[in-house]
Q: 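Would you mind keeping the following structure in view while I ask a few things?
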Amino acid sequence: QVQLVESGGGLVQTGGSLRLSCAVSGSFFSINTMGWYRQAPGKQRELVARTTSEGSTNYEDSVKGRFTISRDNAKNTVYLQMNSLKPEDTAVYYCNGDISSYRWGPYLTYWGQGTQVTVSS
């Protein structure tokens, strides 16, 4: 009964900013790597950014310098700050996390339902 709930999507103009949030709730023991993916219509889902439990990060080349992933472990929440948005950033954004449900349990990957980001020209 682990749930990941995204929020913060919406409609912005080119050059604008949005901040996405993803909170983990339910019954779980530990969260390891968390990430953001996106999927545009007719295209495959692609990695945007991810962060380890210790805060190390990596980004897709197209968003480097514009997007920042961060996490608040005390709040079980991961964020994606998106600046200088472009129309090609338009997609449904999904968060995921590698989460163990109990002590000594395996890490499994969970996905949120997604939040729409639309960037107008």
Side-chain angles (χ1 to χ4, degrees):
Q1 294 184 328
V2 174
Q3 296 92 35
L4 279 66
V5 180
E6 303 102 332
S7 62
L11 173 64
V12 298
Q13 294 184 341
T14 298
S17 297
L18 285 173
R19 190 191 193 199
L20 307 183
S21 299
C22 176
V24 180
S25 63
S27 180
F28 68 93
F29 181 78
S30 182
I31 305 172
N32 197 355
T33 301
M34 299 192 72
W36 288 95
Y37 291 72
R38 65 187 180 188
Q39 187 168 23
K43 298 182 180 180
Q44 291 188 339
R45 189 173 300 185
E46 65 176 358
L47 173 70
V48 178
R50 56 185 162 199
T51 179
T52 69
S53 61
E54 296 184 346
S56 298
T57 60
N58 65 284
Y59 298 89
E60 186 70 25
D61 287 343
S62 64
V63 308
K64 287 181 178 178
R66 299 188 297 121
F67 292 9
T68 303
I69 188 170
S70 61
R71 64 194 293 166
D72 186 334
N73 291 329
K75 296 180 179 179
N76 300 318
T77 300
V78 64
Y79 305 94
L80 186 68
Q81 178 67 47
M82 304 185 294
N83 299 325
S84 301
L85 283 161
K86 306 173 181 179
E88 51 263 44
D89 295 317
T90 295
V92 177
Y93 284 69
Y94 301 88
C95 70
N96 77 352
D98 296 331
I99 301 168
S100 62
S101 296
Y102 53 92
R103 186 176 176 87
W104 312 122
Y107 283 96
L108 302 177
T109 300
Y110 295 83
W111 291 87
Q113 295 298 308
T115 184
Q116 177 70 48
V117 172
T118 303
V119 185
S120 65
S121 60

Q: Could you pull out the closest heavy-atom pair between S84 and S17, with the gap in Å?
A: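 Looks like N-OG, 4.4 Å.
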Q: Take a 6.0 Å sphere around CZ of R71 and say whether it holds more than 12 heavy atoms from other residues, nucleotides or ligands.
A: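 Yes, because the 6.0 Å sphere around CZ of R71 holds more than 12 heavy atoms from other groups.
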Q: Can you tell me if T51 uses its side chain to pair, donor with acceptor, with the backbone of S56 under 3.5 Å?
A: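 Checking the backbone N and O of S56 against the side chain of T51, a donor-acceptor pair under 3.5 Å is found.
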Q: Could you give the distance from CZ (F29) to OG (S101), rounded to the nearest 0.5 Å?
A: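 Interatomic distance, F29 CZ to S101 OG, rounded to 0.5 Å: 11.0 Å.
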Q: Under the 3.5 angstrom rule, does the side chain of T109 hit a backbone N or O of D98 as a donor-acceptor pair?
A: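 Flag not set: sc T109 to bb D98 has no pair under 3.5 Å.
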Q: To the nearest 0.5 Å, tell me how far Q81 CD sits from S21 OG.
A: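 These two atoms lie 9.5 Å from each other.
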Q: Compare every heavy atom of L18 with every heavy atom of G8, then report the nearest pair and how far apart it is.
A: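 Taking G8 first and L18 second, the nearest heavy atoms are O-CD2, 3.7 Å.
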Q: Classify the side-chain pair T68/Y79 by whether it contains a donor and acceptor separated by less than 3.5 Å.
A: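 No, no side-chain donor-acceptor contact under 3.5 Å.
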Q: What is the minimum heavy-atom distance between A40 and A91, and which atoms define it?
A: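 For A40 and A91, the tightest heavy-atom pair comes out as N-CB, 3.9 Å.
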Q: Would you say the side-chain atoms of D72 pair up with the backbone N or O of T77, donor to acceptor, closer than 3.5 Å?
A: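 Judged by distance alone, no pair lies under 3.5 Å.
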Q: Any donor and acceptor pair, going by atom type alone, linking the side chain of T90 with main-chain N or O of V119 inside 3.5 Å?
A: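 Between the backbone of V119 and the side chain of T90 there is a qualifying donor-acceptor contact (under 3.5 Å).
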Q: Honestly curious: do Y37 and M34 fall in one hydrophobic cluster under the side-chain, below-4.5 Å linking rule?
A: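 No, Y37 does not connect to M34 through the hydrophobic network.
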Q: Enter the distance from D89:CG to R38:CZ here, rounded to the nearest 0.5 Å.
A: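 Going from the CG atom of D89 to the CZ atom of R38 covers 5.0 Å.
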Q: Return the minimal non-hydrogen interatomic distance between P87 and S121, and the atom names on each side.
A: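 Heavy atoms of P87 and S121 come nearest at CG-CB, 4.1 Å.
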Q: Under the side chain to side chain contact (heavy atoms under 4.5 Å, CB included) criterion, do R45 and W111 qualify, and how do the steps go?
A: CA-CA 12 Å; R45 189 173 300 185; W111 291 87; 3.3 Å; yes
Q: Kindly compute the distance separating CD (Q1) from OH (Y110), expressed to the nearest 0.5 Å.
A: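 Reported value, rounded in 0.5 Å steps: 10.5 Å.
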Q: How far does CG of L80 sit from OH of Y93, to the nearest 0.5 angstrom?
A: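 L80 CG to Y93 OH: 7.5 Å, rounded to 0.5 Å.
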Q: Strictly below 4.0 Å, N to O, side chains only: are K64 and D61 in salt-bridge contact?
A: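 Salt bridge between K64 and D61, a charged N being under 4.0 Å from a carboxylate O: yes.
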Q: Going by heavy atoms in the side chains, are Y94 and L20 under 4.5 Å from each other?
A: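 SC-SC contact between Y94 and L20 ruled out.
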Q: Could you check whether atom CD of E46 has more than 12 heavy atoms from other residues, nucleotides or ligands sitting under 6.0 Å from it?
A: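 Check passes, neighbour count above 12.
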Q: Please evaluate residues I99 and L4 with respect to the criterion side chain to side chain contact (heavy atoms under 4.5 Å, CB included), reporting the C-alpha separation (whole Å), side-chain torsions for both, the decisive distance (0.1 Å), and the verdict.
A: CA-CA 11 Å; I99 301 168; L4 279 66; 3.8 Å; yes
Q: Distance check, rounded to the nearest 0.5 Å: E6 atom CD versus W36 atom CH2?
A: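 Interatomic distance, E6 CD to W36 CH2, rounded to 0.5 Å: 5.5 Å.
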Q: Does Y59 reach the main-chain N or O of I69 with its side chain, forming a donor-acceptor pair under 3.5 Å?
A: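 Checked: pair present.
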Q: Contact between V5 and Q113 at the side-chain level, heavy atoms closer than 4.5 Å - yes or no?
A: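 Sidechains of Q113 and V5: no contact.
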Q: Determine whether S30 and Y107 satisfy the following criterion, side chain to side chain contact (heavy atoms under 4.5 Å, CB included), listing intermediate values before the conclusion.
A: CA-CA 8 Å; S30 182; Y107 283 96; 3.1 Å; yes
Q: Starting from the C-alpha separation in whole Å, work towards a yes-or-no answer on side chain to side chain contact (heavy atoms under 4.5 Å, CB included) for V48 and M82.
A: CA-CA 11 Å; V48 178; M82 304 185 294; over 6 Å; no
Q: Compare every heavy atom of I31 with every heavy atom of S53, then report the nearest pair and how far apart it is.
A: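 It is CB-O, 4.0 Å.
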Q: Please check if the number of heavy atoms outside E88 that lie under 6.0 Å from its CD is greater than 12.
A: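 Counting neighbours around CD of E88, more than 12 heavy atoms of other residues, nucleotides or ligands fall under 6.0 Å, so yes.
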